**Student:** 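I have a structure here, written as structure tokens, and I will follow up with some questions on it.
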Amino acid sequence: MNAQKRHEIFTRLQAENPHPTTELNWNTPFELLAAVLLSAQATDVGVNKATARLYPVANTPQAIIDLGIDELKAHIKTIGLYNTKAENLMKTCHMLVDLHGGEVPGTRQALEALPGVGRKTANVILNTAFGQPTMAVDTHIFRVSNRTGIAKGKDVVEVEQKLLRHVPKAFLHDAHHWLILHGRYTCIARKPRCGSCIIEDLCDYKDKTELA
DNA sequence: ATCCCGAGGG
DNA sequence: CCCTCTGGAT
């Protein structure tokens with residue numbers, strides 16, 4: 001795919017949704033980190049309900065440590081995978097206190113060393129809390145990038161690097177959200193809605209008849 | 001490749 | 001009822 005096509009694609013996605021944002025609620029880097037950690041395989045709406053209960057009680061690493069694992073689990077029990085997430089968040093809080101003065105570190109290496117924080121979560125933190133130009137490639141972005149031809153790659157790292165290289169600068173910050181929204185509502189995994197897709201004429205996906 | 005695992009929607 | 005939701009660790 002050429003640069004002009006990419007530019008046109010993001011121009012249309014931007015027109016469709018001028019100001020895309022995370023729907024996760026947070027006020028501090030730590031609140032963002034905890035929310036993103038909790039958001040794996042969960043909806044933002046669901047995470048917000050849990051953090052609305054948790055943060056008034058505890059919104060710092062030390063406060064969550066003081067809360068204790070059982071109380072933490074009780075507060076986030078409405079989210080899927082809550083058991084693992086509570087254990088990971090608790091270990092992460094201990095590491096933040098013991099190794100980083102209670103603050104959220106701003107490097108990929110330090111972030112990915114935290115339990116429950118992988119490449120995708122680290123990219124979100126680096127981008128949203130530290131303003132770094134990263135691309136958090138999730139299942140939606142991976143699928144949409146490969147199907148459309150915006151950035152083809154065999155794994156998320158390859159897609160991530162191609163997106164960083166090829167998405168026009170002006171669109172880079174919001175591209176993340178546009179691709180996710182497009183993947184969720186139009187370029188659906190099982191059955192893409194090519195008929196109602198606004199970039200259908202610019203898309204590489206040629207196998208539409210089989211899955212449509 | 002498999003486990004974790006609740007809420008909301010079709 | 002079945003499926004998915006901005007994954008990560010083993």
Side-chain angles (χ1 to χ4, degrees), chain A residues 13 17 19-26 31-54 69-70 72-96 104 108-130 132-148 150-151 153-160 163-164 167 171-193 196 211:
Chain A
L13 292 176
N17 201 328
H19 301 291
T21 52
T22 332
E23 287 164 13
L24 248 30
N25 296 137
W26 59 280
E31 287 189 1
L32 175 65
L33 173 62
V36 177
L37 191 154
L38 295 175
S39 74
Q41 299 298 98
T43 61
D44 288 347
V45 176
V47 173
N48 287 337
K49 283 182 184 171
T51 55
R53 287 191 297 268
L54 177 64
I69 189 66
D70 292 338
L72 177 57
K73 286 183 181 178
H75 279 85
I76 68 169
K77 193 147 194 161
T78 53
I79 311 177
L81 317 184
Y82 74 92
N83 226 321
T84 311
K85 289 173 182 176
E87 305 280 358
N88 282 337
L89 179 55
M90 185 59 79
K91 287 179 194 163
T92 284
C93 287
H94 280 286
M95 287 182 66
L96 293 179
V104 176
R108 174 182 304 286
Q109 189 183 21
L111 286 168
E112 289 188 12
L114 301 169
V117 179
R119 186 176 187 89
K120 182 254 165 185
T121 300
N123 277 329
V124 173
I125 307 300
L126 289 172
N127 184 297
T128 308
F130 294 97
Q132 293 186 30
T134 63
M135 275 291 309
V137 178
D138 63 12
T139 54
H140 289 305
I141 297 184
F142 184 76
R143 181 180 69 255
V144 174
S145 298
N146 271 299
R147 268 188 189 160
T148 57
I150 292 171
K154 61 182 185 309
D155 55 47
V156 292
V157 177
E158 192 176 347
V159 170
E160 178 184 321
L163 285 172
L164 286 174
V167 175
F171 299 117
L172 198 53
H173 184 265
D174 289 328
H176 174 72
H177 297 295
W178 288 323
L179 293 173
I180 285 170
L181 291 171
H182 192 66
R184 183 187 303 164
Y185 298 112
T186 304
C187 197
I188 300 165
R190 293 282 185 81
K191 191 177 173 185
R193 296 175 178 164
S196 58
L211 291 162

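Proteins get letters first, then strands, A, B, ... in listed order; numbering begins at 1 in each. Basis for what follows: all heavy atoms, side chains included, without hydrogens, waters or symmetry-related copies. Predicted model, so just to flag it, every value in this text is computed and none were measured.
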**Student:** Quantified in whole Å, what is the P atom distance between nucleotide B:dA7 and nucleotide C:dG8?
**Tutor:** 23 Å
**Student:** Assign A:Gly46 to base, sugar-phosphate, or nothing according to its heavy-atom contacts below 4.0 angstrom with the strands shown.
**Tutor:**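 If one applies the 4.0 Å heavy-atom cut-off, A:Gly46 turns out to touch nothing in the nucleic acid.
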**Student:** First and last nucleotide of DNA chain C touching chain A, 5' to 3', heavy-atom cut-off 4.0 Å?
**Tutor:** C:dT4 to C:dA9
**Student:** Let me know, please, whether A:Gly183 or A:Arg119 comes out on the 5' side of the other along DNA chain C by nearest nucleotide.
**Tutor:**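 Upstream on the strand: A:Gly183.
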**Student:** Would you name the heavy atoms of A:Ala86 and A:Leu72 that are closest together and state the gap between them?
**Tutor:**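 A:Ala86 and A:Leu72 have their closest heavy atoms at O-CD2, 3.5 Å.
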**Student:** Nearest heavy-atom pair of A:Leu89 and A:Ala34: which atoms, and what distance?
**Tutor:** CD1-CB, 4.0 Å
**Student:** If you assign each of A:His177 and A:Asn88 to its closest nucleotide in DNA chain C, which residue comes earlier from the 5' end?
**Tutor:**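 It is A:His177, whose closest nucleotide lies nearer the 5' terminus.
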**Student:** Are A:Leu163 and A:Ile150 close enough, and set up right, to give a side chain to side chain contact (heavy atoms under 4.5 Å, CB included), and what steps lead you there?
**Tutor:** CA-CA 7 Å; A:Leu163 285 172; A:Ile150 292 171; 3.8 Å; yes
**Student:** With a non-hydrogen cut-off below 4.0 angstrom, is A:Ala136 in contact with a base, only sugar-phosphate, or nothing?
**Tutor:** nothing
**Student:** How far does the P atom of B:dG9 sit from the matching atom of C:dT6, given to the nearest Å?
**Tutor:**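 Looking at atom P only, B:dG9 and C:dT6 are 13 Å apart.
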**Student:** Where is the tightest heavy-atom contact between A:Ala42 and A:Lys85, given as atom of each residue plus distance?
**Tutor:**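 Where A:Ala42 meets A:Lys85 most closely, the heavy atoms are CB-NZ, 3.9 Å.
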**Student:** Between which nucleotides of DNA chain B, 5' to 3', does chain A make heavy-atom contacts below 4.0 Å?
**Tutor:** B:dC4 to B:dG8
**Student:** Is there a side-chain hydrogen bond (donor to acceptor under 3.5 Å, both in side chains) between A:Thr134 and A:Arg108 once you walk through the steps?
**Tutor:** CA-CA 10 Å; A:Thr134 63; A:Arg108 174 182 304 286; 5.8 Å; no
**Student:** Minimum heavy-atom separation for A:Ala50 and A:Thr78, please, with both atom names.
**Tutor:**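 Closest heavy-atom pair between A:Ala50 and A:Thr78: CB-OG1, 4.3 Å.
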**Student:** For residues A:Met95 and A:Pro115, report the shortest heavy-atom separation together with the two atoms involved.
**Tutor:** SD-CD, 3.5 Å
**Student:** Check every strand shown and say whether A:Leu38 touches a base, only sugar-phosphate, or nothing at a heavy-atom separation below 4.0 Å.
**Tutor:**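 If one applies the 4.0 Å heavy-atom cut-off, A:Leu38 turns out to touch nothing in the nucleic acid.
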**Student:** For a quick check of understanding: with a heavy-atom distance under 4.0 Å over all strands, which category does A:Ile180 fall into, base, sugar-phosphate or nothing?
**Tutor:** base
**Student:** At 4.0 Å (heavy atoms only), tell me whether A:Val45 reaches a base, stays on the sugar-phosphate, or touches nothing.
**Tutor:**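 Here A:Val45 touches no strand at all.
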**Student:** State, to 0.1 Å, how close A:Ile180 and A:Ile141 come at their nearest heavy-atom pair, and which atoms those are.
**Tutor:**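 Scanning both residues, the minimum pair turns out to be CG1-CG1, 3.7 Å.
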**Student:** Checking all strands, does A:Lys85 fall into the base, sugar-phosphate, or nothing category for heavy-atom contacts under 4.0 angstrom?
**Tutor:**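 Answer is nothing: A:Lys85 stays at 4.0 Å or more from every strand.
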**Student:** State which residues pass salt bridge (charged side-chain N to carboxylate O under 4.0 Å, His left out) with A:Glu158; sequence neighbours excluded, sorted by chain then number.
**Tutor:**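 For A:Glu158 the salt bridge (charged side-chain N to carboxylate O under 4.0 Å, His left out) partners, ignoring immediate neighbours, are A:Lys154, A:Lys162.
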